[in-house]
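No experiment lies behind these values; they were computed from the predicted model shown.
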Amino acid sequence: MAGHRGDPALARRGLGDPDPGVQAAALGALARLGELTARDVARALASGSVALRRRAVDAAPGVRGRGSRSVLPAAAIEALHDPDPLVVVGAAWFLGERRHRPGLPALVTTATGHGDTRCREAAVAALGAIGDPEGLPAVLAALGDKATVRRRATVALAGFDDPRVEPALRAATGDRDWQVRQAADELLEVSAAPPAPGDPALSRPG
């Protein structure tokens, strides 16, 4: 109600309620009102209940202002170690959306070693969104993972400009999963298509 009625003071008091459900609802209300801060999210991720941590990581992309480029990404990197898989997934998506390169080592570890398929998939997607060469080996390794991760890894290859990408895509055209094959075929078609008239690739430097 506080979120819909425009009462940030009431919503903020809810963060101190002993009931985890109330805390999560209060955090959501603050997000709706545009009053959620990076510190609010960081505190929730560090010490909140599962419900609160999930709500916090979901709300994180909408947070702006002080700490949104420092405190918040740091909290998301730490959240990649959270025991709840959905929190890890949300943290990976956040880091990918922000293209936060300092998160690469933790994302690589998650992509290659996490026990939950959803977490590996989200980390691979984030590495593709960031597109840093240091993340490419983990994405290539993910082409040998379960089907859902292989699909994500195939699409993630589009984020890299590297000579290892095309051979990997060609190998993926023989994958036993049809969605992996389709994604690889489509990306190879795009890379082989000639630039259209007016395409920046045809423009002369300067």
Enter the distance from [X]:[atom1] to [Y]:[atom2] here, rounded to the nearest 0.5 Å.
X      : Y      : atom1 : atom2 : answer
Leu33  : Leu10  : CG    : CG    : 10.0 Å
Thr173 : Leu187 : OG1   : CG    : 11.5 Å
Glu35  : Leu27  : CD    : CG    : 12.5 Å

Please list, one pair per line, the donor and acceptor atoms closer than 3.5 Å that link side chains of residues 54-62 to other protein atoms, with sequence neighbours excluded.
unit_1	atom_1	unit_2	atom_2	d
Arg54	NE	Asp84	OD2	2.9
Arg54	NH2	Asp84	OD1	2.8
Arg55	NH1	Ala24	O	3.2

Strictly distance-based, threshold 3.5 Å: is any side-chain N or O of [X] a donor or acceptor partner for the main-chain N or O of [Y]?
X      : Y      : result
Arg98  : Ser68  : yes
Arg152 : Val124 : no
Arg120 : His114 : yes
Arg181 : Asp175 : yes

Which atom names give the shortest non-hydrogen contact between [X] and [Y], and what distance separates them?
X      : Y      : value
Pro137 : Pro133 : CD-O, 3.5 Å
Ala183 : Val155 : CB-CG2, 4.2 Å
Val22  : Gly14  : CG1-O, 3.9 Å
Ala129 : Gly96  : CB-O, 3.6 Å
Val149 : Ala142 : CG1-CB, 3.8 Å
Ala123 : Ala111 : CB-N, 3.6 Å

Quick one: side chains of residues 44-51, donor-acceptor pairs under 3.5 Å with protein atoms, not counting sequence neighbours, listed by atom name and distance.
unit_1	atom_1	unit_2	atom_2	d
Ser47	OG	Arg43	O	3.1
Ser49	OG	Leu52	N	3.2

Listed partners of Arg12 passing salt bridge (charged side-chain N to carboxylate O under 4.0 Å, His left out), at least two apart: Asp40
Going hydrophobic residue to hydrophobic residue with side-chain gaps under 4.5 angstrom, can you get from [X] over to [Y]?
X      : Y      : value
Leu104 : Trp93  : no
Phe94  : Val41  : yes
Leu15  : Val63  : yes
Val139 : Val88  : yes
Val89  : Ile130 : no

Among pairs that include at least one residue of residues 126-138, which meet salt bridge (charged side-chain N to carboxylate O under 4.0 Å, His left out), considering only residues two or more places apart or in two chains?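 For residues 126-138, and leaving out neighbouring residues, the salt bridge (charged side-chain N to carboxylate O under 4.0 Å, His left out) pairs sorted by first residue read Arg101-Asp132.
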Begin from the C-alpha positions of Asp82 and Arg53 and carry the test salt bridge (Lys or Arg N to Asp or Glu O under 4.0 Å) through to its verdict. CA-CA 9 Å; Asp82 196 279; Arg53 298 198 311 274; 2.6 Å; yes
Which residues pass the side-chain hydrogen bond (donor to acceptor under 3.5 Å, both in side chains) test with Asp17, not counting sequence neighbours?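 None.
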Non-neighbouring partners of Asp162 that pass side-chain hydrogen bond (donor to acceptor under 3.5 Å, both in side chains), sequence neighbours left out: Arg164
Side-chain heavy atoms of Arg66 within contact of Thr37, under 4.5 Å: no
Measuring only between side-chain heavy atoms, which start at C-beta, is Gln182 closer than 4.5 Å to Asp185? no
Trace of the side-chain contact (heavy atoms from CB on, under 4.5 Å) decision for Leu143 with Leu157: CA-CA 10 Å; Leu143 292 169; Leu157 288 174; 4.1 Å; yes
Using 4.0 Å as the upper bound for N to carboxylate O, is an ion pair formed by Asp177 and Arg150?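 No, Arg150 and Asp177 are not salt-bridged.
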